[in-house]
Amino acid sequence: MTGRVEGKVAFITGAARGQGRSHAVRLAQEGADIIAVDVCKQLDNVPFPMSTPEDLATTADLVKAEGRRVFTAEVDVRDYAALKTAVDSGVEQLGRLDVIVANAGIGNEGGQLLDLEENLWDDMIDVNLGGVWKTVKAGAPHLIAGGRGGSIVLTSSVGGLKAYPNVGHYVAAKHGVVGLMRTFAVELGQHSIRVNSVHPTHVNTPMVMNEGTYKLFRPDLENPGPADLEPICRMFHTLPIPWVEPVDISNAVLYLASDESRFVTGVPLPIDAGSMLK
Ligand SMILES: NC(=O)c1ccc[n+]([C@@H]2O[C@H](COP(=O)([O-])OP(=O)(O)OC[C@H]3O[C@@H](n4cnc5c(N)ncnc54)[C@H](O)[C@@H]3O)[C@@H](O)[C@H]2O)c1
């Protein structure tokens, strides 16, 4: 049996670890070559350790272990020129582009919107919304030029469909991603390019599994850990689980990237264990 995305090339941001790495590996398992980019350094005001060059190298090794080719670049998604250089070089090396997964994102300090510092707002919007726009702006011309259509998947969040207190800047950016997704779907449909978004609930990655989140969710405890987070996270869901794994999002991305979803466009897809029902 051939792979579900056999022979396609996918451009993935935030690919050094977490969901982005999982998407790269899952798509490679099903036959895709990968253009993997990530900033691979600590950004200001992000209160948990970010990815490293070694993380991106590990992603590349995992893709190669699936027998697929990989092109990597250390790029900040806020830098359109660098993104364009990376994707242009990746396409030159791998020969084509079929799929874009705009996954890179940050979390930073929370707070009520009226109290939020301007720099936290600016960083959030620049990375989690502006970075998604720039990723598609850099990659989509290759989909159009290829003349074979394509699939674009934008990573939003349940926070892109519903409001939560104390993370209004994240909620605003992730709602904005839905606006980008719908507009790109309208504008690129004529080229047979489909555009959809994924909306994960809590995912078991360093963005959630860190000291800052433990303290945010359990201010009642002095030294909270993952086990203390679990009962709180469970309360968000109708299914009896606290969080999902990166591969659960990757399987949704794989479906949207593959021709199995060939007439699906403009869809915000929750992978949320029922979170939207509450
Ligand atoms: N973890 C969750 O619970 C959760 C839930 C819903 C949505 N999301 C979204 O999923 C996406 C992936 O997050 P994750 O859970 O894998 O977290 P993660 O922190 O493990 O991975 C995010 C990756 O994006 C990279 N990145 C961040 N800013 C970047 C920039 N400016 N330029 C290039 N790369 C950058 C990081 O270096 C990191 O490798 C994010 O958009 C996040 O907002 C996460």
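Residue indices begin at 1 and follow the sequence shown. Start at 1 and go down the list; that is how both ligands and their atoms are numbered.
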Minimum side-chain heavy-atom gap [X]-[Y] below 4.5 Å:
{"X": "Gln29", "Y": "Leu254", "answer": "no"}
{"X": "Arg148", "Y": "Arg96", "answer": "yes"}
{"X": "Val25", "Y": "Glu66", "answer": "yes"}
{"X": "Leu256", "Y": "Val264", "answer": "yes"}
{"X": "Leu180", "Y": "Val136", "answer": "no"}

Suppose we measure from [atom] to each protein heavy atom; which comes out shortest, and what is that distance?
{"atom": "atom 40 (C) of ligand 1", "result": "Asn103 O, 3.2 Å"}
{"atom": "atom 1 (N) of ligand 1", "result": "Thr205 OG1, 3.1 Å"}
{"atom": "atom 22 (C) of ligand 1", "result": "Gly105 O, 3.8 Å"}
{"atom": "atom 21 (O) of ligand 1", "result": "Arg17 NE, 4.0 Å"}
{"atom": "atom 31 (N) of ligand 1", "result": "Asp76 OD1, 2.9 Å"}
{"atom": "atom 32 (N) of ligand 1", "result": "Val77 N, 2.9 Å"}
{"atom": "atom 38 (C) of ligand 1", "result": "Asp38 OD2, 3.6 Å"}
{"atom": "atom 24 (O) of ligand 1", "result": "Gly14 CA, 3.5 Å"}

Check whether any N or O atom of [X], backbone or side chain, sits under 3.5 Å from an N or O atom of ligand 1, and answer yes or no.
{"X": "Pro200", "value": "no"}
{"X": "Gln19", "value": "yes"}
{"X": "Tyr170", "value": "yes"}
{"X": "Ser157", "value": "no"}
{"X": "Arg78", "value": "no"}

Contact with ligand 1 for [X], non-hydrogen, under 4.0 angstrom:
{"X": "Lys174", "value": "yes"}
{"X": "Trp243", "value": "no"}
{"X": "Thr201", "value": "yes"}
{"X": "Val158", "value": "no"}
{"X": "Pro206", "value": "yes"}

With a cut-off of 4.0 Å, which atoms of ligand 1 are near a heavy atom of [X]?
{"X": "Gly18", "value": "16 (O), 20 (O)"}
{"X": "Thr155", "value": "9 (C), 10 (O), 11 (C), 41 (O)"}
{"X": "Leu43", "value": "28 (N), 31 (N)"}
{"X": "His202", "value": "3 (O)"}
{"X": "Ile106", "value": "27 (C), 28 (N)"}
{"X": "Val208", "value": "1 (N), 2 (C), 3 (O)"}
{"X": "Val75", "value": "32 (N), 33 (C)"}
{"X": "Val127", "value": "28 (N), 31 (N)"}

Would you mind finding which of [options] brings a heavy atom closest to [atom]?
{"atom": "atom 7 (C) of ligand 1", "options": "Gly107, Ala15, Ser156", "result": "Ser156"}
{"atom": "atom 3 (O) of ligand 1", "options": "Asn204, Asn128, Val203", "result": "Val203"}
{"atom": "atom 17 (O) of ligand 1", "options": "Lys134, Arg21, Met207", "result": "Met207"}

**Message:** If you count heavy atoms of other groups shown closer than 6.0 angstrom to NZ of Lys162, is the number above 12?
**Reply:** yes
**Asked** Is it true that Lys8 and Asp259 make a salt bridge, defined as a side-chain N closer than 4.0 Å to a carboxylate O?
**Response** yes
**Request:** List for me each residue that meets salt bridge (Lys or Arg N to Asp or Glu O under 4.0 Å) alongside Glu211, sequence neighbours excluded, and say none if there are none.
**Result:**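 In terms of salt bridge (Lys or Arg N to Asp or Glu O under 4.0 Å), with neighbours along the sequence ignored, Glu211 is linked to Lys215.
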For [X] and [Y], which I'm curious about, is there any donor-acceptor pair between the side chains at under 3.5 Å?
{"X": "Thr52", "Y": "Asp55", "answer": "yes"}
{"X": "Asp123", "Y": "Asn45", "answer": "yes"}
{"X": "Thr85", "Y": "Asp88", "answer": "no"}

**Same apolar cluster (I L V M F W Y, side chains within < 4.5 Å links), Ile100/Val178** = yes
**Message:** Check for me, please, whether Met50 and Tyr214 land in the same ILVMFWY cluster - side-chain distances under 4.5 Å, paths through other members count.
**Reply:**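 Yes, because Met50 and Tyr214 connect within a single hydrophobic cluster, where side-chain heavy atoms sit under 4.5 Å apart.
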**Message:** Could you walk me through whether Phe184 and Ile193 satisfy the side chain to side chain contact (heavy atoms under 4.5 Å, CB included) test, starting with their C-alpha distance in whole Å, then the side-chain angles of each, then the deciding distance to 0.1 Å, before giving a yes or no?
**Reply:** CA-CA 9 Å; Phe184 275 130; Ile193 296 169; over 6 Å; no
**Prompt:** Side chain, backbone, both or neither: which part of Val39 comes within less than 4.0 Å of ligand 1 when only heavy atoms are counted?
**Reply:** both
**Prompt:** Closest heavy-atom contact between Ile34 and Leu27?
**Reply:**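 So the two residues come closest at CD1-CB, 4.1 Å.
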Contacts table for residues 221-247: side-chain donor-acceptor under 3.5 angstrom, sequence neighbours left out:
from, atom 1, to, atom 2, distance (Å)
Asp228, OD2, Gly225, N, 2.8
Glu230, OE2, Arg234, NH2, 3.3
Arg234, NH1, Pro240, O, 2.8
His237, ND1, Ile241, O, 2.7
His237, NE2, Thr201, OG1, 2.6
Thr238, OG1, Ala273, O, 3.3
Glu245, OE1, Asn204, ND2, 3.3
Glu245, OE2, Asn204, ND2, 3.3

**Request:** Determine, stepwise, if the pair Phe71 / Asp33 fulfils side chain to side chain contact (heavy atoms under 4.5 Å, CB included).
**Result:** CA-CA 8 Å; Phe71 175 92; Asp33 292 332; over 6 Å; no
